[in-house]
Amino acid sequence: MYNTDWTKDFPILNQEMNGKAFVYLDSAATSLTPEVVLEKMNEYYREYGVNVHRGVYAMGAKADGEFESVRDQVQKFIKASSREEIVFTRGTTTAINMVAFGYVLPKLQAGDEIVTSMSEHHANFVPWQVVAQKAGATLKFAPLDANGAVTPAALQSVMSEKTRFVALNHMSNVMSALNDVQALSRVTHEFGAEILIDGAQAVPHLSIDVQAIDCDFYAFSGHKMFGPTGVGVLYGKYACLQAMEPFEYGGAMIDQVQQFTTSYKDAPYRFESGTPMIAEVIGLGAAITYLEKIGYATIQTQIETLREYAIQQLEQLEQVEIYNPHNHEAATIAFNIKDVHSHDAVTVYDLEGVAIRAGHLCAQPLLSEIHQGSILRMSLQVYNTKADIDRFIAATKKASDFLDVLFL
Amino acid sequence: MYNTDWTKDFPILNQEMNGKAFVYLDSAATSLTPEVVLEKMNEYYREYGVNVHRGVYAMGAKADGEFESVRDQVQKFIKASSREEIVFTRGTTTAINMVAFGYVLPKLQAGDEIVTSMSEHHANFVPWQVVAQKAGATLKFAPLDANGAVTPAALQSVMSEKTRFVALNHMSNVMSALNDVQALSRVTHEFGAEILIDGAQAVPHLSIDVQAIDCDFYAFSGHKMFGPTGVGVLYGKYACLQAMEPFEYGGAMIDQVQQFTTSYKDAPYRFESGTPMIAEVIGLGAAITYLEKIGYATIQTQIETLREYAIQQLEQLEQVEIYNPHNHEAATIAFNIKDVHSHDAVTVYDLEGVAIRAGHLCAQPLLSEIHQGSILRMSLQVYNTKADIDRFIAATKKASDFLDVLFL
Amino acid sequence: MSYSYDEQMFRQIIMDHYKTPRFKGLVEQPGFVTVHLKNPSCGDDMQVQTQVENGVITEVHHDGSGCSICCASASMMAQLVSGETIEQAQAKKQAFYDMVSGQGIDEELLDEAISLQGVAKLPPRIKCATLGWKAFEQTISKETVEQAEGVTIVTE
Amino acid sequence: MSYSYDEQMFRQIIMDHYKTPRFKGLVEQPGFVTVHLKNPSCGDDMQVQTQVENGVITEVHHDGSGCSICCASASMMAQLVSGETIEQAQAKKQAFYDMVSGQGIDEELLDEAISLQGVAKLPPRIKCATLGWKAFEQTISKETVEQAEGVTIVTE
Ligand SMILES: Cc1ncc(COP(=O)(O)O)c(C=O)c1O
Ligand SMILES: Cc1ncc(COP(=O)(O)O)c(C=O)c1O
């Protein structure tokens, strides 16, 4: 079981920041990493820390087995139809780039259209800009509703018979709006196009069923869901993966290398060239186990309770402007303090020991939509407590006096 | 200091394999990872495990500082002229692909030539095949000398005014032949071409001075030099990096994202998109510190002593065929046992607790040069001992009776 | 493993199939299904070619390169399934998989192939022993053929 | 930090420069060197424009967006270096860097900019305070200009 005293699983919660007990409200940037994940990775290095995929000796077979069993685990975790649909990547960013450059770009013709939205993280935005530009294709934007979500109707309004590909998030990283990705996939397919879902923010919060969603690709990162840095997942329908060009060429992904020609392995191995992120993949497996032990229901209840509690209090502070008050499934609160630059504000939180994020949040397109140059975001995970919110609110009340930090 | 009782630093050396004390002779595939590296990574996760590059709060600044200080460390480690010449990558494979597709391919014209050799690892071979094919360029191969090295004269013999790029290893992964990369760079530059050195096998064994070598790019992996999996380095002369296209697009590498256009950061940040391998880069820093504490002189002396000791005994076994007997700086012995398939042999070693590698070793071109379908390779690192060699030789003597493994 | 065996005899059987494989070499004729499988971890490489008529395996050929276990096993497989009905061949295949995964030895079905029973104690080598069988299995299973991974199929 | 100060006065100085910046807004004239710098971690964005004649900084302009410390500091910088010789301006720049890194406060050189001395206790904000100064430094240092990272230079 996981520990309900979260500081046992996450010793970082016992740290101080600027002399105050640490309050972590930045899990949407990266979640904290539980001890079980570290233990599993340490175990790899200490007990069988050898290379994979070529292990013809017992310890290599052990490493292979541990590594490949995570593929099965991920398959079940997101309900893919086969383990061969799971590609390990460096993270969401890499996963999306693999699809953009290995799958979409080679098919695109001048005049084709790609659809995305202004609420995407840069990782699911810039690659499509570049791909569209290289192919002479047009980038179109599904309009956002008041909560920052893309409704099926909104998607439909920008689809055409020229649309080749759609790239949208499952949950956005600033507004934390939840998209009905199943309906978005249906609309996409009605137009004969294909869809990638950026699940980086969704996977830590919702149970994923890629077959029910019926998306063609789904991407997420380990470090946002209790896993280690340096690892992520690209899910692709097998036929899509088989039709995708490799992104990197080298060892492990090849079948036969001759002087002038090389043949490649089938998916997913064709996309995992070189020595993989071995410890990280094994750590990802432990993170999934951990997350499943806690259960999404527990995570959702805790986050919703804390978020409502925080919103209620923030709404009483007239200097606070909240951008996503009605996103009840959200794990974030996106806000600003009137007449206070986000960077001035964040130092006030910092000195109170409260870690929240400020800036463009890798979402400049969204910020331009809401006419803000920068923004504050607090984000929640299951290890947060009511006391954290109280500390957060107390800091918020001080933020208008942002020059105080210079005179402590 | 490091521990001269290596089992303290590498507890895996206390493990058993198939009931025998574990003898690890596969460090060229991946080196073992010392405790100090694990401790440093655990420390990140337990004490300041937050995201980097956007940390406007103290703990983020700490993570930033630790992460970026490794860039300084790598700069000094390979004697680059500035920290901005150091790009963190997922590994050597990624680093080489970044150069192949982001730097070389955009410049190539039909009829241009790229030079590599038949002793390259697939990671420094297949990308050049693909790039040449995409551009209609010609791939040429610098001939190998009897030890498997590329001499400056050999390189010169295939260079022409059409040569745009040269990609060669510093030390090869099968024969472990050492190339005079400084001379190879000079020859390359005399022809107005540029050169990438694949240093994956060299960095664990030799002190690197990229300015003295005067190469344009240099690539290596953390996991082969006591570091963690999932991280590597691309060095590039700053002007080369600035002229290179991004390989992946997303967060952290951008300057400004607008609806239809994006501007990018300068090198090296332009090449580090998304959440980086934070713990892994920090672990790489600890690995460099560890390696420098031991010192290359100690590593070289230990390996050379053990290798000579092993070669002497192998040469007395007439069933053994050694492919690189005269490569005295080598950390590997590449060999076969006559009339025994490498995979049959390796099981004999395995059951004796001795981990060596068998197969094509990600070097099919080299194997075709030496007319072998597969091969055995034992490889050494500083933590190996004379007793390891004795165990290795004892297993070698049993390998001809390879069916014994079925009847134990 | 409680089955008693003559080690010396088993060694001879294996070496014999390894050095003088039966049904080795592919044919260039219509009516054959060929499947090409590889074991990426060690480079074993195996093609198996099958002709089926009226539910009976009339001919099996194999070609490839690999270790003693891989090559000997493919030769034994070809010998075991030639002339058998598909059902019978599948039963033998299953018996072989069972044996190398330590789940009992059916001497009647496996005949000489019981010489490879020691593979059950060598997990990294199970793939070698089953490579030829796996390829064979795919030649006779259209369904598997279509979904299978790492397969090159030439139906003539 | 042993320097005694009037907190109230410092607050006023900072807010005044933040709300009513001096020399804000770039000019479109020949003879200016413009350097554009950004602080990627928070999005502060600063352009500084300098005209130098006979070793004297005849005009300085700045424009950009950012937090109070960044904006106020740029305004104070422009005020401090306008009309100074390059040497004198460089001495002030160094005095400012020293102050925000906690290495002593030169009131004579820094004048109103001593109001920002508290930055020394806020390491993540040092970059904010120095962004305008760094851009200025690059406008007057040809050498730095050529090598500098993240710099857009418009020399007219
Ligand atoms: C010479 C050489 N180059 C490149 C590589 C690829 O390194 P990685 O698998 O870490 O990307 C290796 C490692 O196997 C190597 O030995
Ligand atoms: C919605 C979304 N997509 C993509 C990413 C990029 O993920 P990573 O940085 O792990 O590649 C993030 C994380 O910042 C995100 O929130």
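Chain naming here is simple, since letters A, B, ... match the order of the sequence lines and numbering starts at 1 in each.
Here the straight-line distance linking atom CZ of D:R125 with atom CG of A:L406 works out to 7.5 Å at 0.5 Å rounding. Put simply, CG on D:D44 and OG on A:S374 are 8.5 Å apart, with the number rounded to the nearest 0.5 Å. Rounded to the nearest 0.5 angstrom, A:D344 CG and D:C71 SG are separated by 8.5 Å. Atom CG of residue A:L408 and atom CD of residue D:E7 lie 8.5 Å apart, to the nearest 0.5 angstrom.
Within the 4.5 Å cutoff, the side chain of A:L351 has heavy atoms near those of the D:L122 side chain. Between A:N18 and D:K121, every side-chain heavy-atom pair lies at or beyond the 4.5 Å cut-off. In this structure, the side chains of D:C128 and A:H343 come closer than 4.5 Å at one or more pairs of heavy atoms.
Most heavy-atom pairs under 4.5 Å with chain D: of the set A:D350, A:V346, A:L403, this distinction falls to A:L403.
D:E87 CD: more than 12 foreign heavy atoms inside a 6.0 Å radius. Within 6.0 Å of NZ on D:K24 lie more than 12 heavy atoms contributed by other residues, nucleotides or ligands. In this structure, A:Q133 places its CD atom where only 12 or fewer heavy-atom neighbours from other residues, nucleotides or ligands lie under 6.0 Å away.
Using cut-offs of 30° and 60° for the angle between ring planes, the D:Y18 and A:F402 rings count as perpendicular.
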Could you check A:T347 against D:I69 for side chain to side chain contact (heavy atoms under 4.5 Å, CB included), going step by step and ending with a plain yes or no? CA-CA 11 Å; A:T347 299; D:I69 294 179; over 6 Å; no
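For a residue to count as touching a neighbouring chain, one of its non-hydrogen atoms must lie under 4.5 Å from one of that chain's; by this rule D:S65 does not touch chain A.
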